[in-house]
A.B. asks: 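Please read through the structure below; I'll follow up with questions.
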Protein chains: 2
Amino acid sequence: MPELRKDIINSNYVIFSSQRGKRPNDYKDKNQPCPFCPGNEFDTPPEIFSVKDKHNNWKIRVVSNKYPALTKVKDIEDNKNNLYEKISGFGIHEVIIETPCHNQEIEKLDINDILEIFDVYSRRFEALKKEKGIKQVIIFKNHGEYAGASLKHPHSQVVAMPILTEKAKKEIFNLKKYFSKNKSCAFCDMIRMEQKENKRIIEENEDFIAFEPFASRFCFETWILPKRHLCDFESQENNLKSLVNIYKKTMNKLSFSIKDISYNMIIYSSPTGLKNKKFFHWRIEILPKLARLAGFEWGSGFYINSISPEKAAQILNQGLTQK
Amino acid sequence: MPELRKDIINSNYVIFSSQRGKRPNDYKDKNQPCPFCPGNEFDTPPEIFSVKDKHNNWKIRVVSNKYPALTKVKDIEDNKNNLYEKISGFGIHEVIIETPCHNQEIEKLDINDILEIFDVYSRRFEALKKEKGIKQVIIFKNHGEYAGASLKHPHSQVVAMPILTEKAKKEIFNLKKYFSKNKSCAFCDMIRMEQKENKRIIEENEDFIAFEPFASRFCFETWILPKRHLCDFESQENNLKSLVNIYKKTMNKLSFSIKDISYNMIIYSSPTGLKNKKFFHWRIEILPKLARLAGFEWGSGFYINSISPEKAAQILNQGLTQK
């Protein structure tokens with residue numbers, strides 16, 4: 001069973017899960033059967049729920065992750081001494097199989113089909129945030145070998161965690177600080193700044209904006225934010241159809257300009273215990289992976305990016321291809 | 001010229017350097033001449049210094065990085081508003097070409113040859129920490145494609161930075177907190193704990209210890225620390241010969257157990273402005289790269305490791321090979 005250890009020097013948490021090492025990998029073994037294709041449903045843990053078509057065939061399946069990073073069983077005693085801290089790897093790890101078609105690119109689907117997928121995201125956030133002992137839920141997708149994907153069949157993952165991560169704590173600390181200084185949400189101000197400067201925007205509609213962030217860590221890093229101040233992805237106030245529209249357009253620009261794109265997509269919604277929702281703003285991050293992190297990044301914590309977000313926006317908006 | 005931008009939400013710094021994108025890459029273009037081989041010295045910026053053999057041929061060369069992440073020229077005005085912060089990419093970026101032999105593995109060299117390389121590391125720390133406006137210096141090596149190396153010829157890099165990185169700040173904050181609570185250096189205590197538990201040690205001699213850290217982020221992550229409380233790599237009190245001995249043995253164990261190992265090696269010495277040196281302890285981190293970071297790691301800031309440090313130590317010490 002997974003075990004969580006804390007590095008007290010860097011405040012890093014590490015999940016040790018020997019199970020994860022046993023995952024099948026399409027990129028290493030090209031002949032294995034796909035556990036996410038129709039007919040192979042026996043190869044996943046039991047279904048949590050599914051979306052069916054009119055012939056009662058599944059279009060989307062939600063299942064427990066067979067090789068979970070965190071599990072519902074609490075089987076080790078928490079052990080904290082001054083130096084070494086070890087806690088049970090409690091949590092929930094699910095897989096959303098987004099289509100029965102093995103080679104389907106999600107952004108090429110019809111708006112209504114993508115809408116069903118985003119609706120599932122919304123329902124999983126809602127359901128898992130209510131689970132006992134859960135402090136934070138993220139939904140993410142790994143697409144392509146360079147983004148750490150192991151299976152090609154389109155899928156996303158949901159992880160519900162027993163603690164607020166250090167990353168989230170830092171972000172909340174910074175957002176609170178900004179709010180108390182400026183009496184406004186940093187993300188709301190960022191949207192206004194992007195509209196004013198108008199050189200990093202990729203797409204915009206009535207409800208959403210997609211842009212290359214000012215301090216993009218990765219070439220072609222793209223964020224999508226609701227223009228209204230909303231802190232929960234699962235809020236009924238989100239116009240999901242409008243989100244799907246901008247997502248589809250943005251992803252199509254990215255996959256046009258970057259051949260065989262590998263990317264991570266992450267959806268951040270507010271943590272469960274957040275009382276003051278004035279400063280938190282939900283968002284989607286799309287992180288294309290064109291280069292590898294190296295010693296400088298690991299040693300300094302800096303990122304090096306060879307394409308400015310202004311240049312990246314130009315390339316995407318002019319439909320140029322990245323060399 | 002490079003530009004540094006700060007992400008105020010995550011406290012990340014990003015260096016934008018279009019130059020870095022122009023680096024030659026041995027892994028993409030297998031037929032290009034190696035700029036680090038003898039005869040191609042014209043292809044590097046002028047030499048800063050070199051170590052010569054008895055025939056007056058160079059054995060080690062230190063040159064400025066032709067594609068620097070940071071440069072000595074301050075050419076943009078610092079610009080900080082509430083939201084977007086931009087500062088000049090001032091700093092120093094050097095390359096240490098460690099041998100004239102293109103395919104030499106450093107850990108296979110004679111102790112005395114490795115000693116000369118480590119002596120150069122020591123001299124570069126000493127020289128660059130004295131430069132005006134420099135707050136922190138790191139030395140690192142990228143070995144292998146998966147570790148983000150672009151050239152195969154053995155080399156390390158030195159980067160001198162104009163600010164104390166957020167990573168270093170957090171580490172120093174944590175180390176100070178530990179010191180004020182326990183009246184001892186966390187790393188000194190960690191060494192004692194490792195000796196007591198004796199299940200993660202890879203090598204040990206009179207002056208140094210190499211072990212898999214308790215919260216290893218990466219499979220086979222290995223740290224080398226001086227057993228005495230020393231905070232500067234460049235301190236004359238370090239027994240470099242003893243360090244080279246343990247480094248050679250440790251690296252040989254790693255490269256034996258992990259076929260075609262890719263790794264980042266980073267040397268952390270104390271930042272320039274650190275007055276109280278009781279809590280800082282210099283160290284070497286060796287970070288093998290067997291897997292890629294994916295959406296979960298990016299979204300949560302957690303790491304997932306499928307091999308515990310105890311298991312990794314067993315594999316390395318028993319001379320087993322990693323599958």
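The sequence lines fix the lettering, A, B, ..., with proteins before strands; numbering per chain opens at 1.
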A.B. asks: Return the option, out of I138(A), I9(A), I267(A), with the maximum number of heavy-atom pairs under 4.5 Å with chain B.
C.D. replies: I9(A)
A.B. asks: Taking every heavy-atom pair that is under 4.5 Å apart, which of D189(B), L290(B), L175(B), L293(B) has the most such pairs with chain A?
C.D. replies: L293(B)
A.B. asks: Could you go step by step and tell me if N142(A) and F296(B) meet the side chain to side chain contact (heavy atoms under 4.5 Å, CB included) rule?
C.D. replies: CA-CA 9 Å; N142(A) 304 323; F296(B) 179 64; over 6 Å; no
A.B. asks: Specify which of S216(B), S156(B), A147(B) makes the most heavy-atom pairs with chain A at under 4.5 Å.
C.D. replies: S216(B)
A.B. asks: Hey, could you give me the CZ/CD1 distance between F16(A) and I307(B), rounded to the nearest 0.5 Å?
C.D. replies: 10.5 Å
A.B. asks: If I measure from the heavy atoms of chain B, does E145(A) come under 4.5 Å with its side chain, its backbone, both, or neither?
C.D. replies: both
A.B. asks: Go through the atoms of F218(A) and report whether side chain, backbone, both or neither lie under 4.5 Å from a heavy atom of chain B.
C.D. replies: side chain
A.B. asks: I'd like to check the side chain to side chain donor-acceptor pair (under 3.5 Å) partners of H143(B); sequence neighbours left out, ordered by chain and number.
C.D. replies: none
A.B. asks: So for K177(A), is it side chain, backbone, both, or neither that comes closer than 4.5 Å to the heavy atoms of chain B?
C.D. replies: neither
A.B. asks: Just give me the residue among Y178(A), Y268(A), Y303(A), F214(A) that pairs up with chain B most often, heavy atom to heavy atom, under 4.5 Å.
C.D. replies: F214(A)
A.B. asks: Please identify, among Q136(A), E285(A), R200(A), the residue contributing the most non-hydrogen atom pairs under 4.5 Å to chain B.
C.D. replies: R200(A)
A.B. asks: Once rounded to the nearest 0.5 Å, what's the spacing between atom CH2 of W298(A) and atom CD1 of I266(B)?
C.D. replies: 8.5 Å
A.B. asks: Could you go through K167(B) and F302(A), starting from their C-alpha distance and side-chain angles, then the distance that decides it, and tell me whether this counts as side chain to side chain contact (heavy atoms under 4.5 Å, CB included)?
C.D. replies: CA-CA 8 Å; K167(B) 178 176 157 64; F302(A) 281 25; over 6 Å; no
A.B. asks: At what distance, to the nearest 0.5 angstrom, does CZ of R23(A) lie from OG of S306(B)?
C.D. replies: 8.0 Å
A.B. asks: Which one of E85(A), K141(A), H93(A) has the most heavy-atom pairs closer than 4.5 Å to chain B?
C.D. replies: E85(A)
A.B. asks: So which residue, E297(A), M161(A), M193(A), ends up with the most heavy-atom pairs under 4.5 Å with chain B?
C.D. replies: M193(A)
A.B. asks: With chain A as the partner, which of L287(B), T165(B), V159(B) has the greatest number of non-hydrogen pairs under 4.5 Å?
C.D. replies: T165(B)
A.B. asks: Once rounded to the nearest 0.5 Å, what's the spacing between atom CG of D7(A) and atom CD of E171(B)?
C.D. replies: 8.5 Å
A.B. asks: Go through the atoms of I8(B) and report whether side chain, backbone, both or neither lie under 4.5 Å from a heavy atom of chain A.
C.D. replies: both
A.B. asks: Is it the side chain or the backbone of M190(A) that comes within 4.5 Å of chain B heavy atoms, both, or neither?
C.D. replies: both
A.B. asks: So which part of A168(B) gets closer than 4.5 Å to some heavy atom of chain A, the side chain, the backbone, both or neither?
C.D. replies: neither
A.B. asks: Of the listed residues (A186(B), A291(B), S308(B), P309(B)), which shares the most heavy-atom pairs with chain A below a 4.5 Å separation?
C.D. replies: P309(B)
A.B. asks: What is the minimum heavy-atom distance between N264(A) and G295(B), and which atoms define it?
C.D. replies: ND2-N, 3.1 Å
A.B. asks: Using non-hydrogen atoms only, which part of K311(B) is less than 4.5 Å away from chain A: side chain, backbone, both, or neither?
C.D. replies: neither
A.B. asks: Enter the distance from I15(A):CD1 to S300(B):OG here, rounded to the nearest 0.5 Å.
C.D. replies: 6.5 Å
A.B. asks: Side chain, backbone, both or neither: which part of I139(B) has an atom under 4.5 Å from a heavy atom of chain A?
C.D. replies: neither
A.B. asks: Does any heavy atom of chain B fall under 4.5 Å from the side chain of M265(A), the backbone, both, or neither of them?
C.D. replies: neither
A.B. asks: Using non-hydrogen atoms only, which part of N182(A) is less than 4.5 Å away from chain B: side chain, backbone, both, or neither?
C.D. replies: side chain
A.B. asks: With a 4.0 Å cut-off, would you call E310(A) and R5(B) a salt bridge?
C.D. replies: yes
A.B. asks: Could you tell me which portion of N12(A) (side chain, backbone, both or neither) has an atom closer than 4.5 angstrom to a non-hydrogen atom of chain B?
C.D. replies: side chain
A.B. asks: Is Y263(B) close to chain A through its backbone or its side chain, or both, or neither, when contacts mean heavy atoms under 4.5 Å?
C.D. replies: neither
A.B. asks: Counting only non-hydrogen atoms closer than 4.5 Å, does I172(A) touch chain B with its backbone (N, CA, C, O), its side chain (CB onward), both, or neither?
C.D. replies: neither
A.B. asks: Is it true that atom NZ of K170(A) has more than 12 heavy atoms of other residues, nucleotides or ligands lying nearer than 6.0 Å?
C.D. replies: yes
A.B. asks: By a 4.5 Å heavy-atom criterion (distance strictly below it), what part of L164(A) contacts chain B: side chain, backbone, both, or neither?
C.D. replies: neither
A.B. asks: Hey, could you give me the CZ/OG distance between F173(B) and S11(A), rounded to the nearest 0.5 Å?
C.D. replies: 8.5 Å
A.B. asks: Return yes when atom OH of Y146(A) has more than 12 non-hydrogen atoms of other residues, nucleotides or ligands closer than 6.0 Å, and no otherwise.
C.D. replies: no
A.B. asks: Can you name the closest pair of heavy atoms from A215(B) and V14(A) and give their distance?
C.D. replies: O-CG2, 3.2 Å
